[in-house]
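What follows is a single structure, written as C-alpha cells, with notes after it.
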Amino acid sequence: MTAEADQPTIARVVIDSPLPQLDRLFDYVIPEKLRATARSGMRVTVPFRSAGRFSAGYIVEIVDSVDYTGTLSTIESVVSPVAVLHNEVWDLARAAADRAAGSASDILRLAIPPRQVRVEKAWLDAERTGRLSTFATPAVSGYPSGTVESIVRANGRAAVAAIPGVVEVAGGASVGAWALTLAQAAAATVAEQGTAILAVPDYRDQEQLLAALAELVPAERIIRLDARQSNADRYRAFLRCLGESGIVIVGNRSVIYAPAPSLGLIALWDDGDPLHAEPLAPYVHSRDAALIRQEQQGCALIFLAHTRSTEVQRLLEVGWLSSIEPQPRRRPKVVPTAQQAARDGFAARARIPSSAWEIASAALKTGPVLIQVARPGYAPRLACRDCQCTARCRRCDGPLQSKSADAVPSCSWCGALAAHWQCAACDGNTLRLIGSGATRTAEDLGRAFPGALVLVADGERPILHVGAEPALVIATRGAEPVAQGGFAAVLLLDGDGMLARESLRVGEDCLRSWSNAAALASQTASIVLVGVGGALATALTTWRQADYASAELADRRRLRFPPAVRVATVTGTHERVAEATLAAVGVSSTHFIDVLGPVVLADGSARSIVRFDYALGPAVAAQLRADVIRAATARPPSRPPVANQSQRPLTLRVRFDDSEPFLDA
C-alpha cells in the first residue's frame with residue numbers, strides 16, 4: 001500500500017456557533033470506523049477547544065490533505081446518515097453571510113430544521129423517490145404571449161406586474177389573480193423537471209398560492225415548508241426536498257434556502273412586504289438571498305407584485321431585470337376623495353366622507369364591502385378630555401388603551417389597569433377616545449348599518465375567505481380576506497394617519513398596502529381612497545405604481561438614501577464604532593464613502609450609518625466583519641466595580657441593508 005493510500009481522510013466542518021470568530025471551516029480526521037458512513041452534508045459532533053467538549057456541525061467537504069502541518073483532531077460521531085446540507089445551500093449561505101458581514105452558521109439555522117429522529121427514520125425506511133405523475137405545461141394567462149414562459153425557460157430575470165382581481169380555482173375557491181400567475185409559472189418549471197421555489201410574506205398568501213397550485217400541479221409535487229409548521233412537519237417537508245426534482249416548494253422568507261440542486265425558478269410575491277425582511281442575524285432579506293442564489297445556480301427569477309419596490313426598480317434601471325406588464329392592462333376604478341369637492345365642512349373632515357358612504361351603501365346591497373383601517377384594537381390612543389394630554393400609566397408611563405367602549409383602560413406596555421386614572425397635568429379624571437381601530441370602526445359601522453353582518457379581520461381574528469353575501473369586512477393592512485368573486489366595494493381609510501409615520505419607506509409601504517386591498521375588488525367595484533392626494537393618489541388611480549417607484553428612487557439617489565446606495569448600521573461603544581467606521585471609509589481611495597453619526601441611543605450605545613456604492617459592498621463588508629471579530633475576541637478593558645455587575649461591555653454589531661436605517665434601534 002502506498003503512502004498516499006495511507007493518508008487520513010479529512011473532513012472540513014462548519015461549526016454551529018454564534019461566535020463570529022468561529023465562522024470558518026475546521027479540519028478534522030475521519031476515523032476508520034466512520035469512513036464508510038461520513039459524507040459531505042452530514043451532521044457531526046466534533047471535539048472543540050478543550051478535552052471533553054463537543055460541538056455540533058456539518059461536513060462541508062471531504063479532502064485528502066490540508067495545508068495544516070500539526071495534528072488534527074478526530075470527528076467524534078456522525079449524528080445522522082442523511083446529508084442535509086447540500087452544496088448549493090452551503091454556497092448560498094456562505095455568499096449571503098459574506099455580503100451581510102455575518103456568519104454562515106446563522107443562515108444554516110434558518111435553512112436546516114432541527115433533526116427529528118422518528119421522522120428521519122420513517123423517511124429512510126420509505127421509498128424516497130416515488131414515481132411522480134406527469135402533467136401538461138400550462139400557459140401563463142393575462143400577459144403577452146409567451147413572455148413569462150420565456151423567462152422561465154430561458155432562466156431569465158423579470159419584474160412582473162401582477163394582474164389585479166380575484167379568480168376562481170379548483171374546488172370553487174377564490175384567490176388573488178397573482179396566485180394563479182405564480183402557480184402557472186411554477187407548473188411550467190416542474191413540467192420540465194425543474195424545481196420551483198415560491199416565497200410569500202405570510203400564511204394568508206401561502207394558502208391562496210397552495211389553492212392555485214392544486215389546480216395545476218399534482219399534489220405529490222407540492223411541498224409546503226414554513227415556520228408555522230410543527231418541528232416534525234417542517235423536517236418531514238425538508239427531507240422531501242432532498243429527493244427527486246420537478247417539485248414546487250412553497251413557504252415564507254426562509255424557503256429561499258431550501259435544498260434544490262435542479263432549481264429552475266425562484267419567485268417572490270410582494271417583495272416590498274416587511275415580512276420578507278429577516279429579523280435574525282445576519283438579517284438577509286429574501287430578495288437578496290434570491291438574487292444571490294439565482295446568480296449561483298442560473299435559474300429563472302421572478303419578482304411579482306402589484307406595487308414595485310424601489311429595490312426592484314433599481315435592478316430594472318441598471319438592466320439586471322426585465323419588465324413584464326399584463327396585456328390588456330386592467331385598471332381598478334379608484335376614487336380619491338381628496339380630489340372631490342366636499343358638500344359641507346363636516347363632510348370634508350369626516351373619517352368616511354359622504355361619497356364613500358354612498359358607494360358603500362349601494363355596494364352592500366349586492367355583496368361584501370372591504371374597509372381597510374390603519375390599526376387594530378378599539379382606540380389607538382386615550383387622552384384627558386380637559387387638557388387633551390395623552391393618558392399614561394402611573395406604573396410605567398406607557399400610553400393607555402381601551403379594548404371596548406365599556407372596558408377598563410389598561411396600559412399598552414405593562415398591561416396594568418387604570419380604573420381610577422387621574423391626569424398628571426390637570427388632575428382631570430375623564431378620558432376621551434382618540435382615533436378608531438378596527439374594533440371601534442366595526443362598532444360604529446354596525447350602528448350605521450343596522451342588520452348588516454360585520455366582520456373584523458386582524459392579527460388576533462384571522463379571516464382568510466368570505467362569501468359573496470353582503471357584509472362589512474373591517475380589516476387591518478395585510479389581514480384582508482379574499483371575497484368570493486371579489487369585494488363589491490373597497491374603502492381605504494386612515495390614509496393621512498398612515499402617511500404620518502416616520503419612515504423612509506412610508507410612501508411605498510402605503511401604496512403597496514392600498515394596491516393589494518384594491519386588487520381584491522371585483523371588476524365593477526369602486527375603490528375609495530380617503531383623504532390622500534398628490535403623487536400617491538395619482539399612482540393608485542392610474543394604476544401606475546411603477547412611475548411612483550421610479551420617482552421615489554430618483555429622490556433617493558439625490559439624497560444618497562437606500563436602495564440608491566447600500567448602508568451598514570454600526571452599533572457599539574463610541575470607541576469601537578469610531579474605529580470601525582474609520583476603517584470602513586478607508587477601504588477605497590477612489591469611491592466616496594460617507595458616515596452619518598454617531599448618535600447616542602437610549603441604552604447608551606453609539607450608532608453610525610456607513611453609506612457606500614454597491615461596487616464597494618464586498619470590501620466594506622469584509623472590513624466591518626473583521627472589526628466585529630476583533631471586538632468579539634479583544635480582552636475587555638479593566639473597569640472599576642459597578643453596582644450592576646450584570647452590565648457587560650457592549651460588543652460591536654453590524655447590520656447591512658436595514659430597511660429602516662434612520663430609526664432608533
Side-chain angles (χ1 to χ4, degrees), residues 20 95-102 159 271-272 277 281-285 287-289 291-292 295 308-321 502-508 548-601 605-631 652-665:
D98 289 343
R99 186 179 187 276
D271 71 288
Y283 315 106
V284 178
H285 196 285
R287 181 197 313 109
D288 296 327
L291 287 165
I292 294 171
E295 194 169 16
R308 188 179 295 165
S309 67
T310 50
E311 286 82 2
V312 168
Q313 180 65 30
R314 188 192 73 84
L315 292 171
L316 277 164
E317 294 185 8
V318 299
W320 190 254
L321 297 175
E502 288 292 335
S503 169
L504 178 66
R505 313 178 67 90
V506 63
E508 59 181 295
Y548 180 85
S550 179
E552 183 74 8
L553 182 61
D555 288 341
R556 306 272 184 93
R557 284 198 183 97
R558 287 192 290 271
L559 298 171
R560 284 183 61 80
F561 285 167
V565 295
R566 291 191 69 189
V567 297
T569 304
V570 185
T571 309
T573 63
H574 288 263
E575 296 80 7
R576 293 286 187 195
V577 170
E579 292 172 0
T581 53
L582 181 63
V585 170
V587 301
S588 175
S589 59
T590 58
H591 291 76
F592 179 62
I593 303 175
D594 65 326
V595 177
L596 302 178
V599 296
V600 179
L601 303 181
S605 62
R607 185 196 65 189
S608 290
I609 298 173
V610 182
R611 301 190 293 187
F612 51 95
D613 293 333
Y614 281 79
L616 294 177
V620 173
Q623 178 59 56
L624 289 177
R625 183 61 174 171
D627 290 319
V628 168
I629 295 174
R630 190 177 302 111
L652 189 69
R653 299 189 299 273
V654 174
R655 178 170 182 173
F656 275 70
D657 306 310
D658 188 355
S659 60
E660 296 287 4
F662 303 110
L663 297 182
D664 289 341

Does any non-hydrogen side-chain atom of E317 lie less than 4.5 Å from one of R557?
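Touching, per the 4.5 Å side-chain cut-off.
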Hey, does F656 have a side-chain heavy atom less than 4.5 Å from the side chain of R566?
yes
With sequence neighbours left out, write down each residue that passes side-chain contact (heavy atoms from CB on, under 4.5 Å) with [X], or none if nothing qualifies.
X: F592; result: R560, D594
X: R655; result: Y283, D658
X: S503; result: R501, R505, V506, E660

Nearest-0.5 Å distance that lies between atom [atom1] in [X] and atom [atom2] in [Y]:
X: L652; Y: R630; atom1: CG; atom2: CZ; result: 10.0 Å
X: S309; Y: H285; atom1: OG; atom2: NE2; result: 7.5 Å
X: E311; Y: R287; atom1: CD; atom2: CZ; result: 4.0 Å
X: L315; Y: T310; atom1: CG; atom2: OG1; result: 10.0 Å

Please give me the minimum heavy-atom distance between [X] and [Y], naming the atom from each residue.
X: L291; Y: W320; result: CD2-NE1, 3.7 Å
X: L559; Y: R611; result: O-NH1, 3.2 Å
X: S608; Y: G597; result: OG-C, 3.7 Å
X: A606; Y: V577; result: O-CG2, 3.6 Å
X: A96; Y: V284; result: O-CG2, 3.9 Å
X: V654; Y: A101; result: CG1-CB, 4.5 Å

List the steps and the verdict of side chain to side chain contact (heavy atoms under 4.5 Å, CB included) for H574 and V600.
CA-CA 9 Å; H574 288 263; V600 179; 3.7 Å; yes
Tell me whether the rings of F662 and F561 are parallel (<30°), tilted (30 to 60°) or perpendicular (>60°).
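The arrangement is tilted - the two ring planes meet at 30° to 60°.
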Identify every side-chain donor-acceptor pair in residues 615-624 under 3.5 Å, counting partners at least two apart or on other chains, and give the distances.
from	atom 1	to	atom 2	distance (Å)
Q623	NE2	D627	OD2	3.4

Run the side chain to side chain donor-acceptor pair (under 3.5 Å) test against T581 and tell me which residues pass, sequence neighbours left out.
none
Test side chain to side chain contact (heavy atoms under 4.5 Å, CB included) applied to L504 and R556, step by step:
CA-CA 9 Å; L504 178 66; R556 306 272 184 93; 3.9 Å; yes
Tell me, which pairs form a salt bridge (Lys or Arg N to Asp or Glu O under 4.0 Å) where one or both residues lie in residues 581-593, sequence neighbours left out?
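For residues 581-593, and leaving out neighbouring residues, there are no salt bridge (Lys or Arg N to Asp or Glu O under 4.0 Å) pairs at all.
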